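Note: hydrogens, waters and symmetry copies are ignored here, and every other heavy atom, side chains too, is used. Proteins get letters first, then strands, A, B, ... in listed order; numbering begins at 1 in each. From a predicted model like this one, the values you see are computed outputs, not experimental measurements.
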Amino acid sequence: MITIKSLKGMNDILPKKSVIWQYIENKIKMILYQHLYLEIRTPIIEQTNLFTISLGQTTDIIKKEMYTFKDKKQKQLTLRPENTTSIIRSILENHMTNQTQKVWYVGPMFRYENPQNGRFRQFHQFGVESFNKHGPEMDSEIIIMTNRIFKALGVQKYLHLEINSLGSKTSRRLYTNILFKYLKKFKNYLDSNLIYKMYKNPLRLLDTKVKNITYIVTHTPNILDYIDQKSIKHFEYLKKILNYTNIKYKINKNLVRGLDYYSRTVFEWKTKALGSQNTICAGGRYDYLLKFFNCKKTPAIGCAIGLERTILLLKTTNKLPTNMKIKSHVCFITISNKKTIIIKSIKLLEFLRNELPNLIIQNTFCDTSFKKNIYKAKKNNINILLIYGENEVQKNKVSIKDLYKKTQNLLALKPLINTLKSIFYYESNYYNNW
RNA sequence: GUGGGUGUAGCUCAGUGGUAGAGCACCGGAUUGUGGCUCCGGGUGUCGUGGGUUCAAAACCCAUCAUCCACCCCA
């Protein structure tokens, strides 16, 4: 036997789990539509240089985590490690930069990392992006919206918000120099990896978790003391809105985010419930990124929610709704081995599905004894059975049995439909419950 | 890339060198058109894989793969 397994860090989402995914995705989607964000879908493969241009040469994603390969024409392709860049490519390609765009996406991302709790090679993000709105009101809209999402999922109290501002391009450069000078004094305490970062991109050291340099890192010069006046105003206004709308936050001067394209506002929703993979949602403003692709300066902001981590959080905090399983309403049992009867029963089923589109019917093809079928129906909590065999065929009727009320009636098709309608009236909108 | 743990039935796991096991799940029958029970029967297996030690290996040794956890980093 040849055994073929899924790739490392890439998981199947089986039927039992997929209902959870649908539940969460639907909750988020409803909130996004409520804010008139519309869905955008972009390919999961792009030309490699789309990512190498935008994400920053010194980020770990570019250095070691991309799934890159050549196609048959030797083109360098990459499975998207994140989606913001692809969306920018799409917005530019489709000439959509002249007006405000608010979009959301959901889908798989790929990073070649060693898997661990809350970290996978194929993982899923739900994200939003907004283009052409430069004011802090926009920043607040996204933060308030994510707050609403976590509230709707019941995990708001397990999360806290951290915010920071990275300032403008020029002030960032100024601060980078100051940070570099500060860090250089401690060069002897840094390992080769950290020294590499210090020279190439000192900001990367701010959120490092390497333990023996926490003192150095916590005492770095505060970026907020060096950012430009406009960015300060922007940040102060954002804080005002958050205060007024009762969104609690903590300012983390060392919050810089993993990608180089951010400017001004950055934020993360973190949790203490999941160990070291503690960021559930992260984002920020990237006002300079579109200009980088030879577009006119277009302000933009976005964020992404890690779905696996969200599910983990719901699970560990016991916030997953119970009873999400789709259960059939009735069990249709054919009792006969005769082909003519089986064929008739199949046609009858079609008729029932036409007449009662919301009814979920489980069909057993006379594959085991009648008794076993009743046993199974009981076990699956199905109380209404439709029975079809020799007797029913002769009389052109169907037996309907209620296992709970312990009743059984032989009904013609019309009264049968009416009976089923009355029994399942309240469940006719089953899917709309979530 | 680095470090540690774990790989035995569908699932959870027991099994310290001598016949491959338990619980749950599953399947068949008692009972082929009528109720969750009960009774009877069924192990469904490459003990992750390859090699070594041994009269004998699921167990000991080596290698390898997978997986989980952690570091780095990130959602």
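Checked against salt bridge (Lys or Arg N to Asp or Glu O under 4.0 Å), A:Lys239 has the following partners two or more places apart in sequence or in another chain: A:Glu236.
Taking only side-chain nitrogens and oxygens, A:Gln116 comes nearer than 4.0 Å to OP1 or OP2 of B:A70. At the phosphate of B:A75, OP1 or OP2 sits under 4.0 Å from a side-chain N or O atom of A:Arg257. Considering only side-chain N and O atoms, A:Lys209 lies nowhere under 4.0 angstrom from the phosphate OP1 or OP2 of B:A70.
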- side-chain contact (heavy atoms from CB on, under 4.5 Å) between A:Leu79 and A:Gln122, worked out: CA-CA 10 Å; A:Leu79 290 172; A:Gln122 174 174 336; over 6 Å; no
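At most 12 non-hydrogen atoms from other residues, nucleotides or ligands lie less than 6.0 angstrom from CZ of A:Arg41. Atom OH of A:Tyr182 has more than 12 heavy atoms from other residues, nucleotides or ligands within 6.0 Å.
A distance of about 7 Å separates the C1' atoms of B:C65 and B:G48, rounded to the whole Å. Taking the P atom of each, B:G5 and B:C60 are spaced 14 Å apart, rounded to whole Å. Spacing of C1' atoms, B:A9 relative to B:A14, comes out at 13 Å, to the nearest Å. To the nearest whole angstrom, the two P atoms, one in B:U8 and one in B:U67, are 14 Å apart. Rounded to whole Å, the P atom of B:A56 lies 33 Å from the corresponding atom of B:G4. Here the separation of B:U6 from B:A58, taken at their C1' atoms, is 15 Å to the nearest Å.
With rounding to whole Å, A:Asp207 atom CG is found 10 Å from B:A75 atom P. A straight line from CG of A:Asn409 to C1' of B:U34 spans 14 Å, rounded to a whole angstrom. Between A:Gln277 atom CD and B:A75 atom C1' there is a gap of 9 Å when expressed in whole angstrom units. One atom, CG of A:Leu14, and another, P of B:G10, lie 16 Å apart when rounded to the nearest Å. For A:Tyr375 and B:G36, the OH to C1' distance is 7 Å, given to the nearest whole Å. For the pair A:Ile382 CD1 and B:G36 C1', the computed distance is 14 Å after rounding to whole Å. Rounded to whole Å, atom C1' of B:G35 lies 17 Å from atom NZ of A:Lys405.
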Could you go over nucleotides 29-33 of chain B and give all protein N or O partners under 3.5 Å, atom names and distances?
from	atom 1	to	atom 2	distance (Å)
B:U31	O2	A:Lys371	NZ	2.9
B:U31	N3	A:Lys371	NZ	3.2
B:G33	O6	A:Glu390	N	2.8
B:G33	O6	A:Asn391	N	3.0
B:G33	O6	A:Glu392	OE1	3.3
B:G33	N1	A:Glu392	OE1	3.0
B:G33	N1	A:Glu392	OE2	3.4
B:G33	N2	A:Glu392	OE2	3.0

Please enumerate all protein N or O atoms sitting under 3.5 Å from an N or O of nucleotides 39-41 of chain B, with distances to 0.1 Å.
none

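Note: A:Phe186 and A:Tyr189 have tilted aromatic rings, judged against thresholds of 30 and 60 degrees for the angle between ring planes.
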